[in-house]
2 protein chains.
Amino acid sequence: MSPEKRLAHYGDYSLEAAAARILERHRDRIRTRKPHVAVAKLAKIIEATLKLSNRLGFQAMSLRDLAEAAGLSMGGLYSYFDGKETLLVMILGEVSSAAEDLLAAAPEEVRDDPAAHLRWLIEMHILLSEAMQPFFVFAYMEAKSFPAPARKRAIASEAATEAIFARVLSDGAARGVFRVDDPHFAAALIKPLLQDWYVKRPKHARRGMSAEAYALGVSDFVLKALGAG
Amino acid sequence: MSPEKRLAHYGDYSLEAAAARILERHRDRIRTRKPHVAVAKLAKIIEATLKLSNRLGFQAMSLRDLAEAAGLSMGGLYSYFDGKETLLVMILGEVSSAAEDLLAAAPEEVRDDPAAHLRWLIEMHILLSEAMQPFFVFAYMEAKSFPAPARKRAIASEAATEAIFARVLSDGAARGVFRVDDPHFAAALIKPLLQDWYVKRPKHARRGMSAEAYALGVSDFVLKALGAG
DNA sequence: TAATAAATCGAGCGCTCGCTCGATTTTTAT
DNA sequence: ATAAAAATCGAGCGAGCGCTCGATTTATTA
């Protein structure tokens, strides 16, 4: 099965689906009433925000440029958010909820096998970040300029992801599958390997590497480091 | 020997020494003539720039705030650079030249032992990024907003670092010390582990981890993954 | 088709930004 | 002590920013 299909089993990670979820999550702040209009425009706004932000940063993106790229006027934008910061929070929320929901959804058949579970977590995280690449890059690069509450959520979300990995590692250690002294430290080392896929995507693409191939390479590398290769 | 002393054998990575090198590199753009005055002020300017930028980003730092933090006036700043962008380039140049010079300076006794050489590279890179932490965080986080020429240099510098690692890996593979299919890919996986130390320093510090301990943990992890643990 | 509601528009407001430059202070040399 | 040189100052400039709101266009309903 193609990696896209595998991922699709767990959720719809298209731009439109993300826009729909964001609309639902922020219905009270968005003035446009008719959902199909709102979802379509919101998708264009978010697409343009990611495109412009990931080039020079969110701060450097002017709302005038955004309006033009999204096909709206300055005033029109403000039917969809009540301030530039809200736009940032909307995108961030979508990233962390997508990651949290997916990683907690490991199927029955891998939960009992630590090595398979670890491979599943690594592969799914990479496939998700591939499907939502601009979202992930945005969340990673703009993390330092989050408003305080959003920053707290982001840190909590990252800690939750790491805890899932740490649990599988210590479970595997207890069963004698992994040789690992400090599961939390090992989990902390896996995280940047996952992030590197989307943060440095151009570099990997230049070497002709696909998301699947990267996921496989990281899994092998990690499992060998854990003495289960 | 303490890690600071070990590192000190290869160069002076204090703020003042960095300021002196930056002054020399940009003498033509800096109006202040007397070196001891210029180095002292430049050190304060760079220290303040790193402090303010690493909080909310370089773009978000205003030159008025910088002037106050550095103990100068708006006009006074412009004796030390001819524009905000030059300030960014000054700091970036210092980071990449420090990393390039250090990693190329491996002592004789480790060059002949791939495992020892790899450990040396990992440890020294981490110790350097610890000694110059704000510089490294700055270069990493602001990379996307570099002007085109500086961005090219940064990419080239990163590629050079990775090439050094790849060379040691393939050398070790040829000698049967490492089991590794693709040295370039393995080198690409090591880099984010080094970066994670300074990018996520608060998280590691919260867990009571020192630079030495982190370096040792990463070395062990990597060597095991390479079948040399 | 006329009336109502929904969605969009864009000039204008107050503000802060990077940057300049003549005035001023501080240091050095005579 | 005085003149010359070096270093610093800070009010002011034009530009672009996020954001507002009455006017206008588009869609819906009667």
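Chain identifiers are assigned alphabetically (A, B, ...) following the order of the sequence lines, protein sequences preceding nucleic acid strands; residue numbering begins at 1 within each chain.
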Got a sec, which residues hit side-chain contact (heavy atoms from CB on, under 4.5 Å) with B/Glu47, two or more places apart in sequence or on another chain?
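Listed in chain order: B/Leu15.
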Could you tell me whether A/Lys44 sits above the aromatic face of A/Tyr80, with NZ or CZ closer than 6.0 angstrom to the six-membered ring centre and within 45 degrees of the axis?
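Negative - A/Lys44 is either too far from the ring of A/Tyr80 or too far off its axis.
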Provide the full list of salt bridge (charged side-chain N to carboxylate O under 4.0 Å, His left out) pairs with a residue in residues 195-213 of chain B, sequence neighbours left out, each pair given once.
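Counting only pairs at least two positions apart or across chains, the salt bridge (charged side-chain N to carboxylate O under 4.0 Å, His left out) contacts touching residues 195-213 of chain B are A/Glu158-B/Lys200, A/Glu162-B/Lys203, A/Asp182-B/Arg207, B/Glu130-B/Arg201, B/Asp196-B/Lys200.
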When you compare the side chain of A/Phe81 with that of A/Val89, does any pair of heavy atoms fall below 4.5 Å?
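Heavy-atom side-chain distance check fails, nothing below 4.5 Å.
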Taking 4.0 Å as the cut-off, does a side-chain nitrogen or oxygen of [X] come that near to OP1 or OP2 on [N]?
X: A/Ser62; N: D/dG16; value: no
X: B/Lys34; N: D/dA5; value: no
X: A/Tyr78; N: D/dG18; value: no
X: A/Ser73; N: D/dT25; value: no

Mark yes or no for whether B/Arg64, through its side chain, and B/Met74, through its backbone, hold a donor-acceptor pair below 3.5 Å.
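No.
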Taking five pairs at each end, how big is the angle between the two axes of the helix from C/dT4-D/dA27 to C/dT30-D/dA1, to 10°?
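If I round to tens, the end axes sit 10° apart.
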Just by distance, no angles: are the side chains of B/Ser97 and B/Arg21 close enough, under 3.5 Å, to form a donor-acceptor pair?
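Short answer, no.
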Sugar-phosphate only, base, or nothing, as touched by A/Phe81 at under 4.0 Å among non-hydrogen atoms:
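Contact class for A/Phe81: none.
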When the distance from [atom1] of [X] to [atom2] of [N] is rounded to whole Å, what number comes out?
X: B/Gln59; N: D/dG16; atom1: CD; atom2: P; result: 15 Å
X: B/Met74; N: C/dT24; atom1: CE; atom2: P; result: 20 Å
X: B/Leu77; N: D/dT8; atom1: CG; atom2: P; result: 10 Å
X: A/Leu72; N: D/dC19; atom1: CG; atom2: P; result: 16 Å

Does A/Arg64 get its side chain close enough to the base of D/dG18, under 3.5 Å, for a donor-acceptor pair?
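By the distance-only test, yes, there is a pair.
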A/Thr32, nearest nucleotide to its side chain (from D/dC9, D/dG18, C/dT8)
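Nearest listed nucleotide: C/dT8.
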